[in-house]
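Working notes, structure below.
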Amino acid sequence: MKRSLFPILICLLALQVSAQQVAINKQHSFPKTVPPGNYSGITWLGGDRYAVVNDKARTAGFHLMTIRIDETTGDIKEVRADSFVTSNQPNRDEEGICYVPQRNTLFVSGETDRSMVEYQLDGQLTGKQLTIPTVFKSARGNGGFEALTYNATTHRFWTTTENTLKTDGVKPNISRKIPNVLRFQSFADDLQPREQYWYMTDSSEVKGTEGKSTLGVSALAALDDGQLIVLEREVYQSPKNVGSFVHVKLYVVNPTLQKAGDLLQKQLITDFTTKMNVTDRSFANYEGLCVGPKLKDGRLLLMLVADSQDQYKGYLKDWFRSIAIANIDFKPQPNAGNNLSAVLKAISSAGNDSGLKTPAFLSNDELPNPIRFIPEPPQPGTGPFDNDTYYYHYGKAQRQTPRGNQAALDEVQWTSKAFSEAAGFMIGPDETPEIFKLAQGAQKDANATNKRAKNYFRRTRPYVYFNEPSLVSEADEGNRTTFSYPSGHTIRGWVYALTLALVVPDSTEALIARAQEYAINRVICGRHYKSDIDASLVEATAVMSRLLSNAAFLEQLEKARKEYAHIREKKKEE
């Protein structure tokens, strides 16, 4: 009997240690010293000084506030809004804010313009901003850059969007109980993008489909050791408001222990729920988070601020809360691997642009016939096949690297999204309809040309021949009876790149480099041999030759060039 009690005692001891490590202080509101607002981000300036953004302020800027705490517990004793400093520019739906001590400036993220601009402490713009990767241009209007943080020890900014990017899949809602698939993006002190990782939120916990659920990441806090604290929160609004709640979860991730492009493992630090019912009006939509001062005993203090929507109808308050954390070493589970399958599944759910109803340019009679000019695929036992085998094993060796992660992503993402970064702007049916129509039509001609060769040569895919799983094994069964020679992804990539280069000549080198990478990624995936992608480049050359003498293609090319001219002028204005 005594022996059976031992594990229980150990568990109780562990719970006691956990309780000591994380202390959630009560939330407080200060209506006499803090005006009603839409407080969505907070950052520590040192001492008892903080900067707080209001996403519905009349003009762009931030509040300078004094926050006094109990230095032993971290409990908030006083919050006072001292002043609002502004650039007198229109409000950008400012959501996140971070302080950079070396520059003595603040960076503020905006959902409206999808940018993160630098302010002096007097509210004036410096003219500098973080260089945002093109993929984030597909952020959803009210699900964009909520989070922004900076750490002076690691010299890294970090940001992410609240919801899944349009290019990466669909976002959750009250009836679609799925996680958000997010990209965590870092930036160095030169304001240029660096590492990018995947992150997956929890799914909705609301039962049924009545009401409204908003689920996502609203804030990040960067620690000195390279770890990030992530604020996930679900806001549930019931049909009659009574029964509404906000569930806040604080997770920690450690990018320094994983490779760029990995799906970040996360560990729960703590969570809490605020409510709206007859007896409890603690409802608080916490959108801001930052690391504050250390307490007397060395514990780390986190400061949180909630968005009350200007104290919505008198029901809500502008809440502030602190959480003290001590002596916790948050690290990903050892040997847990990098399971990107859920991420890839989410992205593939967004569909593929090759299936969209965009007309091709070439008739069946005008399509080049690749059977006339590409050779037979190499056969086993020959030197060329030995070369294919060498590259197959080379590709396998790349799978557990960041390049392998990119290869897996290229398998499932839209061609237009895969080449947007190299082009220098987001390509899509909504963002750039004329350029999209041009590239899509050319892509359809590439598909039709390649289909002729595939059905003629009927070559078995390498992962099937070697009887091994591919990099994206979830799709293996569906591809088992399709053919390898030449590569469809590769001809689409080359035709896409060459077509875009006609529109954006300044990006020619970047587009060609991306097409080459896109092609080799098919070998890394195990879907194609090296000779498959080589043949596709020859096919692409023939397709482009026909397109450049096609009147409809040339007419659409002029429309695309005019559209790009507008994009270029808009960039100059920005």
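Hydrogens, waters and symmetry mates play no part in the numbers below; they use all other heavy atoms, side chains included.
Taking the charged nitrogens against the carboxylate oxygens, Glu118 and Lys128 have no contact shorter than 4.0 Å, which rules out a salt bridge. With salt bridges taken as basic N to acidic carboxylate O contacts below 4.0 Å, none links Glu71 and Lys77.
Annotation: salt bridge (Lys or Arg N to Asp or Glu O under 4.0 Å) contacts of Glu195 (sequence neighbours excluded): Arg156. Under the side chain to side chain contact (heavy atoms under 4.5 Å, CB included) criterion, His28 pairs with Lys26, Phe30, Asp75, Ile76, not counting sequence neighbours. Residues satisfying the side chain to side chain donor-acceptor pair (under 3.5 Å) criterion with Asp225, sequence neighbours excluded, are Gln227. With sequence neighbours left out, the side chain to side chain donor-acceptor pair (under 3.5 Å) criterion links Thr270 to no other residue. For Asp297, the salt bridge (Lys or Arg N to Asp or Glu O under 4.0 Å) criterion is met by Arg299, not counting sequence neighbours. Every residue meeting the side chain to side chain donor-acceptor pair (under 3.5 Å) condition with Ser416, not counting sequence neighbours, appears here in chain and number order: Asp353. Scored by the side chain to side chain contact (heavy atoms under 4.5 Å, CB included) test, Ala407 finds Leu471, Asn521, Ile524, Cys525 as partners (sequence neighbours excluded). Annotation: side chain to side chain contact (heavy atoms under 4.5 Å, CB included) contacts of Ser115 (sequence neighbours excluded): Arg92, Asp113, Val117, Gln129. Take Arg183 and apply the salt bridge (Lys or Arg N to Asp or Glu O under 4.0 Å) test, not counting sequence neighbours, and it matches Asp168. In this view, Lys56 satisfies the salt bridge (Lys or Arg N to Asp or Glu O under 4.0 Å) rule with no residue, not counting sequence neighbours.
A side-chain N or O of Tyr199 and one of Glu232 form a donor-acceptor pair less than 3.5 Å apart.
Among residue pairs with one or both ends in residues 238-248, none qualify as salt bridge (charged side-chain N to carboxylate O under 4.0 Å, His left out); sequence neighbours excluded. Applying the ring-ring contact (aromatic ring centres under 6.0 Å, His included) test to every pair with at least one member in residues 279-316, sequence neighbours left out, gives these pairs: Phe272-Tyr286.
Because its NZ or CZ atom is not both nearer than 6.0 Å to the ring centre of Phe245 and within 45° of the ring axis, Lys275 does not count as a cation-pi partner of that residue.
Side chains of Arg80 and Arg68 form a contact here, defined as non-hydrogen atoms less than 4.5 Å apart.
Among Asn38, Leu304, Asp55, Val53, the one residue that satisfies the side-chain contact (heavy atoms from CB on, under 4.5 Å) test with Glu287 is Asp55.
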